[in-house]
Amino acid sequence: MSKIVKLNKGFDIRLVGKASKEIANFASAQTFAIKPTDFIGLQRPKVLVNEGDTVKAGTPILVDKASDQVIYASPVSGEIVEIKRGDRRKLLEIKILADKTVIHENFGKIDLSQNRDSLAAKLASTGVWPNIIQRPFGIVANPADTPKAIFISAFDTHPLAPDYGFTLQGEEKYLQAGIDALAKLTPGKVHLNVDGSKPIDAIFSGVKNAQINQFSGPHPAGNVGIQIHHLDPINKGDLVWTVSPAGVVQIGKAVLEGVYDTSKIIAVTGSELTKAAYVKTFVGANVSAFVKGNLNSGHVRVISGNVLTGEKINLEGFLGFYHNQITVIPEGDYYEFLGWAKPTASKLSYHRALGLLSFLTPKKEFVLDSNCRGEERAFVQTGVFESVTPMDILPVYLLKAIMAEDFDEMEELGIYEIVEEDLALCEFVDVSKHPVQELVRKGIELIQYS
């Protein structure tokens with residue numbers, strides 16, 4: 001039975017630079033990359049191609065030596081132009097110079113009447129499987145596992161996030177096919193969670209074979225981890241999977257057409273852009289095509305993803321596998337006299353601190369840079385973490401348990417329920433300037449590999 005959940009805890013970060021609802025005529029990206037660092041849980045990547053090789057969209061590029069059932073495939077067709085490695089030959093990225101017209105490997109249409117294990121194996125061989133993420137731990141799911149339920153968040157409340165109702169227009173049949181395939185992989189429900197603060201987008205309203213739930217409230221209401229907590233919490237020993245709407249569409253295309261099609265519409269956002277709009281591209285696109293020549297200033301930070309959980313890249317960087325937006329904000333590498341104590345209403349703050357008067361203009365959009373305005377200091381218990389975390393956990397005590405490497409406390413305080421994005425807002429409001437998301441991943445890995 002569908003559920004309606006209204007959340008009160010949280011905070012919306014209102015920024016200048018939201019994408020206008022139009023497909024911009026930006027230059028097309030010429031190079032693309034697959035980055036092993038995008039895939040949490042990919043411990044021992046094995047490269048299956050060499051520089052100079054020709055590939056199609058869907059050609060296997062990587063596998064995990066520890067589990068070679070899941071294929072990490074080329075997002076486009078073209079030539080492998082660089083296999084980039086870092087310290088100790090750590091694999092950083094595999095670059096592909098794309099063909100003008102993308103050619104796909106043809107895996108054949110997928111028969112959904114086959115048994116569950118055969119279906120999982122077929123999906124894992126096509127390149128679409130990395131879209132399926134396991135909770136706990138936030139890692140690429142194992143096709144051999146069976147989750148108790150699968151969750152899809154059909155809206156995003158992160159700053160300047162794309163509107164899925166716009167980006168997925170015309171993809172209805174693929175979305176439905178993807179949900180039908182996912183429903184075969186679990187004995188439980190497929191939960192499709194939509195924005196309850198507005199009418200349901202047409203692409204989601206007619207979906208079958210899934211339970212549609214409505215969530216409303218400030219960020220992080222759109223986080224799938226928050227939604228799982230309120231629908232079917234994860235306890236020790238439980239296993240659930242999550243998939244993004246774009247990932248469901250990819251799965252649907254594999255089912256109906258037998259191809260690995262990574263084309264998607266992403267949002268190009270941020271205050272430092274001349275034009276913030278949407279663009280159609282492929283997974284792993286070089287962002288320079290959308291950013292260079294589209295800047296208001298030269299000293300900027302380019303982020304693959306959003307300002308809370310995204311990855312800092314350079315102007316020649318690549319769109320992350322799981323990201324549906326690019327954000328460009330001013331770089332914050334400067335010292336500011338008096339910092340937060342300087343009277344101003346032009347800076348956004350969750351706290352009603354001396355000088356920061358943004359609470360007087362609750363609907364104003366702000367230009368924020370990357371300056372942290374301080375450095376890490378003593379862990380001050382203010383109760384603010386709890387006020388922005390709409391979950392029945394105690395974030396401060398959980399983070400302290402992680403610092404102390406207290407495994408029993410971590411388990412009791414909810415480590416199985418969270419990944420980095422679920423406490424990212426805590427990092428934004430933290431007066432102590434702790435790397436909250438890094439601590440969360442440290443705690444997850446301590447539990448995972450203990």
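In this chain, residues are counted from 1 in sequence order.
Side-chain atoms of Q169 come within 3.5 Å of backbone N or O of F166 as a donor-acceptor pair. Side-chain atoms of T157 do not come within 3.5 Å of backbone N or O of N223 as any donor-acceptor pair. Under the 3.5 Å distance criterion, the side-chain polar atoms of H323 are left unmatched by any main-chain donor or acceptor of I303. Although no hydrogens or angles enter the test, the distance criterion places a donor-acceptor pair under 3.5 Å between the side chain of S153 and the main chain of G222. In terms of modelled atom types and a separation under 3.5 Å, the side chain of N193 and the main chain of F151 share no donor-acceptor contact. Panel note: side chain S304, backbone G320; a donor-acceptor pair is recorded below 3.5 Å. A donor-acceptor pair under 3.5 Å is absent between the side-chain atoms of E93 and the main chain of L91, judged by distance alone. Judged by distance alone, with hydrogens and angles left aside, the side-chain atoms of Y278 form a donor-acceptor pair with the main-chain N or O of D163 at under 3.5 Å. A donor-acceptor contact shorter than 3.5 Å links the side chain of K122 to the backbone of F107. Judged purely by atom type and a 3.5 angstrom limit, H104 has no side-chain atom pairing as donor or acceptor with the backbone of G58.
Residue pairs satisfying the side chain to side chain donor-acceptor pair (under 3.5 Å) criterion with at least one member in residues 123-135, sequence neighbours excluded, are listed as follows: N131-Q250, R135-D422.
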Would you sort out whether V76 and D99 count as a side chain to side chain contact (heavy atoms under 4.5 Å, CB included), showing the intermediate values? CA-CA 8 Å; V76 294; D99 296 330; over 6 Å; no
Stepwise, does the side chain to side chain contact (heavy atoms under 4.5 Å, CB included) test hold for V255 with D180? CA-CA 9 Å; V255 170; D180 291 341; over 6 Å; no
Pair T327-Q325, side chain to side chain donor-acceptor pair (under 3.5 Å): steps then yes or no: CA-CA 7 Å; T327 310; Q325 72 181 104; 3.2 Å; yes
Apply the test side chain to side chain contact (heavy atoms under 4.5 Å, CB included) to residues T31 and E82: give CA-CA distance (whole Å), side-chain angles for both, the deciding distance (0.1 Å), then the verdict. CA-CA 11 Å; T31 56; E82 183 180 4; over 6 Å; no
Show your working on side chain to side chain contact (heavy atoms under 4.5 Å, CB included) between N286 and Q30 and close with a plain yes or no. CA-CA 7 Å; N286 185 289; Q30 301 298 312; over 6 Å; no
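Rounded to the nearest 0.5 Å, atoms CD1 (I329) and OG1 (T269) are 9.5 Å apart. Atom CG of D406 is separated from atom CG of L398 by 10.5 Å, given to the nearest 0.5 angstrom. To the nearest 0.5 Å, atoms CG (D261) and CD1 (I251) are separated by 13.0 Å. Distance CG/D238 to NZ/K148: 3.5 Å, rounded to 0.5 Å. Atom CD1 of I402 is separated from atom CG of L446 by 8.0 Å, given to the nearest 0.5 angstrom. Within the model, atoms CD1 of I447 and CD of E405 stand 10.5 Å from one another, a figure rounded to the nearest 0.5 Å.
Under a cut-off of 6.0 angstrom, the local environment of CG in D111 is crowded, with over 12 non-hydrogen atoms contributed by other residues, nucleotides or ligands. Other residues, nucleotides and ligands place more than 12 heavy atoms under 6.0 Å from the CD atom of E411.
Under 4.0 Å is where a charged nitrogen must lie from a carboxylate oxygen, and between K275 and E22 at least one such pair does. Of the charged side-chain nitrogens involved, none lies within less than 4.0 Å of a carboxylate oxygen, so that E316 and K95 do not count as a salt-bridged pair.
Taking the centre and axis of the six-membered ring of Y416, the NZ or CZ atom of K236 falls outside the cone set by 45° and 6.0 Å.
Residues A424 and T309 come closest through the heavy atom pair CB-CG2, 3.7 Å.
Relative orientation of the F282 and F32 rings is perpendicular, given thresholds of 30° and 60° on the angle between their planes.
The shortest distance between side-chain heavy atoms of V307 and L368 does not fall below 4.5 Å. Taking the side chain as every heavy atom from C-beta outward, I393 and F385 never approach each other to under 4.5 Å. The side-chain heavy atoms of I4 and K6, taken from C-beta on, include no pair separated by under 4.5 Å. Put simply, the side chain of T146 does not reach to within 4.5 Å of the side chain of L239, judged on heavy atoms. Side-chain atoms of T389 and L423, non-hydrogen and from C-beta on, do get closer than 4.5 Å to each other. L42 is not listed as a side-chain neighbour of V140, based on a closest heavy-atom distance of 4.5 Å or more. Side-chain contact between N209 and Q176: present, with at least one pair of heavy atoms (C-beta onward) separated by less than 4.5 Å. When side chains are defined from C-beta on, I212 counts as touching V194, because their heavy atoms get closer than 4.5 Å.
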What donor-acceptor contacts under 3.5 angstrom involve side-chain atoms of residues 62-73, with partners at least two apart or in another chain?
residue : atom : partner : partner atom : Å
D64     : OD1  : R44     : N            : 3.4
D64     : OD1  : A66     : N            : 3.0
D64     : OD2  : Q43     : N            : 3.4

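Residues D195 and S197 bring a donor and an acceptor atom of their side chains to less than 3.5 Å of each other.
Between I418 and the choices V440, L413, I234, the side chain to side chain contact (heavy atoms under 4.5 Å, CB included) rule is met once, by V440. For the side chain to side chain contact (heavy atoms under 4.5 Å, CB included) test with I326, the passing option among I313, N306, L319 is L319; the others fail.
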